[in-house]
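First the structure, in the form of structure tokens, and then the observations on it.
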Amino acid sequence: MDNYRNSDLVLYLHPLASFCHKVLIALYENGAKFESKLVDLSDNDSRDELLSQWSVGKIPILRDRLHKKTIPETSIIIEYLDMNYPGKVKLIPDDPNLVLEVRLWDRFFDMYVSDPMQKIVLDQIRPNGKHDPYGVDQSITKLSIVYEMLEAQLNSKEFIAGEFFSMADCSAVPALFFADTILSFRNDYPKLTNYYERLLKRHSVMRTIEEAEPYFQLYPFYDKIPKKFIKKTI
């Protein structure tokens with residue numbers, strides 16, 4: 001991960017966090033220069049620095065030194081970048097109708113793929129006696145429903161919101177990457193699978209996954225990550 005110290009933009013992140021992947025893909029699509037700050041919530045100094053910028057304590061957040069602003073929430077970060085630090089790939093279209101479509105599917109992946117996926121993952125690391133099997137079953141059912149909806153949406157589209165790569169596709173990659181390790185869509189949803197495979201070929205996506213790879217062993221479903229994403233060790 002390039003780290004442009006003293007650049008105008010600072011991204012507080014962890015390389016394994018799926019929502020951080022969403023913003024990294026947007027930044028890499030446009031070759032944006034930014035300083036990355038790895039957040040370690042077990043370290044007092046790292047945690048305090050994050051909380052000083054955003055008291056909610058969630059990552060990622062973007063700090064714009066030039067404009068003296070802190071921008072939280074992934075979709076807001078990407079829209080902020082598109083307005084203030086535009087690049088060759090326009091992730092938010094000019095057409096207001098297309099903007100609504102992009103925002104819809106961006107929210108869809110965050111709320112209906114990433115959210116149930118994360119509930120299942122977090123249940124895996126809960127202490128004994130604190131698991132929620134009913135909640136896990138509900139989340140798995142929700143994933144199966146949204147896979148059907150995504151398959152229908154992709155019926156005649158190259159990307160989720162049309163024929164162009166957008167913020168919604170930035171949201172799709174990490175959501176599908178981790179959801180596939182829990183309830184795979186590859187055997188039953190060919191359009192969704194082909195769409196996902198197209199996204200995996202983008203340089204921004206490959207780079208983000210490569211940077212996350214050293215941390216994959218911390219992931220509870222590590223054994224379900226396809227071997228092509230795991231570096232071979234001697």
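Using a cut-off of 4.0 Å between Lys/Arg side-chain N and Asp/Glu carboxylate O, D123 and K119 are scored as not salt-bridged. We find that R63 and E35 are not joined by a salt bridge, their nearest charged nitrogen and carboxylate oxygen being 4.0 Å or further apart. Contact check on R107 versus D110 returns a salt bridge, with a Lys/Arg side-chain nitrogen under 4.0 Å from an Asp/Glu carboxylate oxygen.
Panel note: side chain R65, backbone S7; a donor-acceptor pair is recorded below 3.5 Å. Judged by distance alone, the side chain of H21 and the main-chain N or O of P15 form a donor-acceptor pair under 3.5 Å. Judged by distance alone, the side chain of N30 and the main-chain N or O of K88 form a donor-acceptor pair under 3.5 Å. Between the side chain of D169 and the main chain of S166, a donor-acceptor pair closer than 3.5 Å is present. At least one donor-acceptor pair closer than 3.5 Å links the side chain of Q153 to the backbone N or O of I160. Not a single donor-acceptor pair under 3.5 Å links the side chain of Y12 to the backbone N or O of W54. Under the 3.5 Å distance criterion, the side-chain polar atoms of E213 are matched with a main-chain donor or acceptor of K231.
When side chains are defined from C-beta on, V113 counts as touching L143, because their heavy atoms get closer than 4.5 Å. Residues L150 and F185 fail the side-chain proximity criterion, which asks for heavy atoms closer than 4.5 Å. Side chains of L218 and L16 form a contact here, defined as non-hydrogen atoms less than 4.5 Å apart.
Remark: the Y80 side chain and the D64 side chain contain an N/O donor-acceptor pair separated by less than 3.5 Å. Side chains of E211 and Y28: a donor-acceptor N/O pair is present below 3.5 angstrom, by distance only.
Residues H14 and Y215 bring their aromatic ring centres within 6.0 Å. Checked against the 6.0 Å centroid threshold, F178 and F229 do not count as a close aromatic pair.
Rounding to the nearest 0.5 Å gives a distance of 8.5 Å between CG of L81 and CG of L91. Taken to the nearest 0.5 Å, the CG atom of L11 stands 10.5 Å off from the CG atom of L38. Rounding to the nearest 0.5 Å gives a distance of 13.5 Å between CD1 of I77 and CG of D82. The distance from the OG atom of S184 to the CG atom of L176 is 10.5 Å, given to the nearest 0.5 Å. For the atom pair OG1 (T208) and CG (L24), the distance works out to 5.0 Å, reported to the nearest 0.5 Å. Here the straight-line distance linking atom CD1 of I225 with atom CD1 of I230 works out to 5.0 Å at 0.5 Å rounding.
Checked options R202, K228, K191; the residue passing with E197 is K228 (criterion: salt bridge (charged side-chain N to carboxylate O under 4.0 Å, His left out)). Just one residue in the list F216, F109, Y196 forms a ring pair (Phe, Tyr, Trp, His ring centres under 6.0 Å) with F177, and that residue is F216.
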Starting from the C-alpha separation in whole Å, work towards a yes-or-no answer on salt bridge (charged side-chain N to carboxylate O under 4.0 Å, His left out) for D106 and K22. CA-CA 10 Å; D106 168 67; K22 174 180 168 181; 2.7 Å; yes
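By the 6.0 Å contact criterion, OH on Y112 is open, its count of non-hydrogen atoms from other residues, nucleotides or ligands being 12 or less. Counting non-hydrogen atoms of neighbouring residues, nucleotides and ligands closer than 6.0 angstrom, the NZ atom of K69 reaches no more than 12 such neighbours. Other residues, nucleotides and ligands contribute at most 12 non-hydrogen atoms within 6.0 Å of the CE atom of M111. For K58, the NZ atom is loosely surrounded, since the number of other residues' heavy atoms within 6.0 Å does not exceed 12.
L51 and V10 end up in different hydrophobic clusters when Ile, Leu, Val, Met, Phe, Trp and Tyr side chains are linked at under 4.5 Å.
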